[in-house]
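As the structure lists them, so they are numbered: ligands from 1, and atoms in each ligand from 1. For reference, positions follow the sequence shown, starting with 1.
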Amino acid sequence: MMNKIAVFTSGGDAPGMNACIRAVVRSAVYYGIEVYGIRRGYNGMISGDIFEMKSHSVSNIIQRGGTILKSARSKEFMTKDGRQKAFEQLQNNGIQGLVAIGGNGTFTGASIFYDEFGIPAVGAPGTIDNDLYGTDHTIGFDTAVNTALDAIDKIRDTADSHDRVFFIEVMGRDSGYIAIQSGIAGGAELVMVPEVLTPIAEVTEVLKQGWSRSKSSSIVIVAEGDEEGNAAEVAEKIKNRIGIDIDIRVTTLGHIQRGGIPTAYDRILASRLGLAAVEGLMGGQKGVMAGIINNEIVYTPFKDTIRLPKPINEDLLRMVKILSV
Ligand code: F6P
């Protein structure tokens with residue numbers, strides 16, 4: 001019987017992480033399990049920044065972006081020595097199980113830690129990138145898409161007023177999910193994603209054709225991990241070869257996509273996954289991530305969430321081309 005668990009957030013923060021922490025703490029309290037918070041991810045585990053949480057510790061946080069537990073990408077936890085220290089701190093505090101809220105790096109760490117020290121961990125996917133196999137959506141993705149969309153809508157106003165082409169760079173690391181979703185919703189002429197090569201020649205052609213049909217402004221969304229480079233590099237290549245007089249600007253949205261009030265979708269997702277993580281630990285799950293696929297809770301081994309690809313729906317890229325005619 002598990003009667004003491006700890007929760008932490010790690011890696012890049014994502015809107016909805018607080019809603020997930022709240023769900024973990026409240027679910028544990030509901031089931032009569034003592035629950036501890038660990039500050040700054042694996043760094044706090046190593047230094048012993050571990051404190052008891054009660055139901056009221058998570059009052060009034062469901063609507064807040066960021067993470068009250070703070071986050072970090074820990075270099076020390078990548079060493080055996082660091083993990084040994086973390087294990088000792090957990091033992092000193094009597095922690096029997098972990099809920100890890102984060103992405104790829106977080107689950108890689110949790111997986112190695114379990115293999116070495118046998119501390120069971122269940123993950124909740126918290127990253128704006130939506131790049132984890134084993135869940136349709138990750139916590140924070142929907143909010144990030146809506147934040148990007150809000151910016152795209154605003155850029156469209158000025159693009160239209162000045163008859164300009166804008167290359168807008170969105171986050172996502174090696175994944176094109178934020179780009180494709182915000183691009184479709186923002187009516188972009190083209191979306192460039194790492195998963196599918198859109199050659200510069202094709203971008204040039206689409207823009208030229210648009211101009212010949214009297215389009216006076218265009219939006220191209222570039223995922224930060226695109227093979228052709230970041231938005232500034234893509235824009236430079238286009239300038240050098242387009243051969244018509246168009247005014248090009250570049251906007252990199254950056255970390256605004258990581259902050260802000262989580263959407264209802266993200267809060268609900270985070271609440272469900274926080275509860276599922278606690279119930280998973282209670283039911284004997286270990287080394288797995290709780291996810292939601294087709295509205296059902298599923299548990300997927302950490303190793304698969306990291307290793308297996310999560311392809312984007314290429315039909316959506318086809319649709320962007322058709323609808324931008
Ligand atoms: O994983 C989330 C993310 O925001 C990625 O989209 C991006 O590539 C990266 O983190 C940025 O990391 P940092 O905040 O450490 O610069």
Could you name each residue pair satisfying side-chain hydrogen bond (donor to acceptor under 3.5 Å, both in side chains) that touches residues 86-97, not counting sequence neighbours? N3-Q96, Q84-E88
Can you confirm if the NZ or CZ of R83 lies within 45° of the ring axis of F117 and under 6.0 Å from the centre of its six-membered ring? no
Sorted by first residue and then second, give each side-chain hydrogen bond (donor to acceptor under 3.5 Å, both in side chains) pair with at least one member in residues 193-207; sequence neighbours left out. E202-K321, E205-Q209
Indicate every side-chain donor-acceptor pair of residues 244-251 with a distance under 3.5 Å to a residue at least two apart or in another chain.
residue	atom	partner	partner atom	Å
D247	OD1	R249	NH1	3.0
D247	OD2	R164	NE	2.9

Dump all N/O pairs between ligand 1 and the protein below 3.5 Å as a table: atom names plus distance, one pair per row.
residue	atom	partner	partner atom	Å
ligand 1	1 (O)	D129	OD2	2.7
ligand 1	4 (O)	R258	NH1	2.8
ligand 1	6 (O)	D129	OD1	2.7
ligand 1	6 (O)	G172	N	3.1
ligand 1	6 (O)	E224	OE2	3.2
ligand 1	8 (O)	E224	OE2	2.5
ligand 1	10 (O)	R73	NH2	3.2
ligand 1	10 (O)	R258	NH1	3.2
ligand 1	12 (O)	R73	NH2	3.0
ligand 1	14 (O)	H255	NE2	2.8
ligand 1	14 (O)	R258	NH1	2.9
ligand 1	14 (O)	R258	NH2	3.1
ligand 1	15 (O)	R73	NE	3.3
ligand 1	15 (O)	R73	NH2	3.2
ligand 1	16 (O)	H255	NE2	3.4

Check for me whether the distance between the ring centres of F8 and Y42 falls short of 6.0 Å. yes
Do T263 and N146 have a side chain donor and acceptor closer than 3.5 Å? no
